[in-house]
Colleague: 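Have a look at this one before I ask anything.
Note that these values count all heavy atoms, side chains included, but never hydrogens, waters or copies made by symmetry.
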Amino acid sequence: MTRKTAILAAAVAATVSVLTAPAAAQARTGAAATAETRTGASSAAKGEVRYARVKACLKKGEEYNIPCGQWTIVMRDGTIRTLTDARVNPVTAAGKVDKELVSEFALSGDGRYAAYFRKSDSKLVVRDFATNRVRALPGTTARLPKGVGMGDVDAKLSQDGRRILLDYSDAHDKLPTLLVDLKSGKVSKISPKLSPQGFSPDGRRILATRYTGENTTEFVVLDENGATTARRVVPQVVANNMPQAVADDGNSVAVMISTSSNKLRLRVYDLEADSVGAAVDVKVPKTESPHQISWDASGALTLWDLRSNKDGDTTGIVRRSLDPESGATSTIDTIKLGSKVYVWWLPGE
């Protein structure tokens, strides 16, 4: 099971009541396939996605929700776009449509690009929201390998949308992860023994993990061609905490740590020196939990937190800048989620 499949499975589990909490995927222009509604906000960030979502509907005759409608894209300029060309329900390896799950979707860290399966031909495509151009992935990478369904792939775009990782979950774990350069068309293979976690800000380094036969975790850093540049079995405090993110140097790994006392801390692990930096307290409300973290080219961090109510249901998302030295944060964006959202996706996921 891929990471995103697991998230969506959790979404289904969380919808066993009517009041569901949201859970945390053809070379022609797609202008006709995208409906837009203006909200009167500034157009300064017209090409940048704030977040994506799929609506929740109560399944007929049951007491739980299923995904319904189409992918809705909320832009930073206030524009709402509906991706009528994007498949919502995945097709299984057996060729059946699973109406209780959501098909794979991914957003680049800069919010400009999205990867998804196109309805018309089931190809994996990438949309550029700045130009509204839609392109299929090169060659055979646009289609799934035999025996793999749309819910068995975890796609991840680099910060600038130039590269995409395709991590397949097959019956015997023999299919390699594909690293596709969308500009050059080059395809590199990564061992299926590695689990890619994400790109560095410049997209030229990839952090991957491997679980060893001794129940330890090994970090492996790969370059833009899929070649290993560093590897190390990491300390437990690093291995057992999430989220994690690698910097452009391919050496510094930021790790968010949630303590038993509900405090949030940041540590930076030096892969080459095998040393864990001092714990830095990060002050956020106790009703929030870390969901995603990423470096930028300047050495600062972006932290995405989930807000929850007393029942543990996710009610919102907060995006903050984070100083790795002081732990100081500054709110960039706050997203409110209602009970009618089945699943949502953030830039960088």
Colleague: Tell me yes or no: between the side chains of Tyr116 and Asp85, is some donor less than 3.5 Å from an acceptor?
Modeller: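 Per modelled atom types, Tyr116 and Asp85 side chains form a pair under 3.5 Å.
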Colleague: Is any side-chain N of the basic residue among Asp173 and Lys193 closer than 4.0 Å to the acidic one's carboxylate O?
Modeller: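 No, no charged N to carboxylate O under 4.0 Å.
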Colleague: Taking the basic N atoms (NZ, or NE/NH1/NH2) and the acidic carboxylate oxygens, is any pair closer than 4.0 Å for Asp181 and Arg162?
Modeller: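 Looking at Asp181 and Arg162, the cut-off is met.
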Colleague: Are Tyr113 and Leu124 linked, directly or through intermediate hydrophobic residues, by side-chain heavy-atom contacts shorter than 4.5 Å (ILVMFWY only)?
Modeller: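 Same hydrophobic cluster.
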Colleague: Side-chain contact test, heavy atoms from C-beta onward, threshold under 4.5 Å: evaluate it for Ile190 versus Leu165 and give yes or no.
Modeller: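 The answer is yes; the side chains approach within 4.5 Å.
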Colleague: Can you check whether Ile80 reaches Val74 side chain to side chain, under 4.5 Å on heavy atoms?
Modeller: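 Answer yes - side chains close enough.
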Colleague: For residues Asp270 and Ser275, is any side-chain donor paired with an opposing acceptor at under 3.5 Å?
Modeller: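 Their side chains do not contain a donor-acceptor pair, so the 3.5 Å distance test is not met.
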Colleague: Would Arg53 and Tyr51 count as having a side-chain donor-acceptor pair, cut-off 3.5 Å?
Modeller: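 The answer is yes; a qualifying pair exists.
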Colleague: Working to the nearest 0.5 angstrom, can you tell me the gap between Leu107 CG and Glu349 CD?
Modeller: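 Reported to 0.5 Å precision, the distance equals 8.0 Å.
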Colleague: Please tell me whether Tyr168 and Asp154 have a donor and an acceptor in their side chains that are separated by less than 3.5 angstrom.
Modeller: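 No, Asp154 and Tyr168 have no side-chain donor paired with an acceptor closer than 3.5 Å.
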Colleague: Output yes when Arg231 and Glu218 qualify as a salt bridge under the 4.0 Å nitrogen-oxygen rule, no when they do not.
Modeller: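 Result for this pair is yes, salt bridge flagged.
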Colleague: Is there side-chain contact between Leu346 and Val49, with at least one heavy-atom pair below 4.5 Å?
Modeller: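 No. Closest side-chain heavy atoms not under 4.5 Å.
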Colleague: Could you tell me whether Arg50 and Asp333 make a salt bridge, using a distance below 4.0 angstrom between a side-chain N and a carboxylate O?
Modeller: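 So Arg50 pairs with Asp333 through a salt bridge.
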Colleague: Salt bridge or not between Arg320 and Asp305? Use side-chain N to carboxylate O under 4.0 Å.
Modeller: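 Looking at Asp305 together with Arg320, the answer is yes, because their closest N to O distance falls below 4.0 Å.
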Colleague: Quiz question: by atom type and distance under 3.5 Å, do the side chains of Gln197 and Thr209 form a donor-acceptor pair?
Modeller: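 A donor-acceptor contact under 3.5 Å links the two side chains.
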Colleague: State yes or no: are the ring centers of Trp345 and His291 separated by less than 6.0 Å?
Modeller: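 No.
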Colleague: Under 4.0 Å between a Lys/Arg side-chain N and an Asp/Glu carboxylate O for Lys59 and Glu100?
Modeller: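 Salt bridge: yes.
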Colleague: Heavy atoms only: give me the nearest Asp248-Pro201 pair and the separation to one decimal.
Modeller: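 Looking at all heavy atoms of both residues, the closest pair is OD1-CD, 3.0 Å.
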Colleague: Just checking, any donor-acceptor pair under 3.5 angstrom between side chains of Lys340 and Asn65?
Modeller: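 Asn65 and Lys340 do not have a side-chain donor-acceptor pair below 3.5 Å.
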Colleague: Are any non-hydrogen side-chain atoms of Val233 and Asp274 less than 4.5 angstrom apart?
Modeller: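 Contact flag for Val233/Asp274 side chains = no.
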Colleague: In terms of side-chain geometry, is the basic nitrogen of Asp128 or Arg112 positioned less than 4.0 Å from the acidic oxygen of its partner?
Modeller: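 Result for this pair is yes, salt bridge flagged.
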Colleague: Could you tell me whether the side chain of Lys55 reaches within less than 4.5 Å of the side chain of Pro67, counting heavy atoms only?
Modeller: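 No, side chains not in contact.
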Colleague: For the residue pair Thr84 / Thr82, report whether a side-chain donor-acceptor contact shorter than 3.5 Å exists.
Modeller: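 There is no such pair between these side chains.
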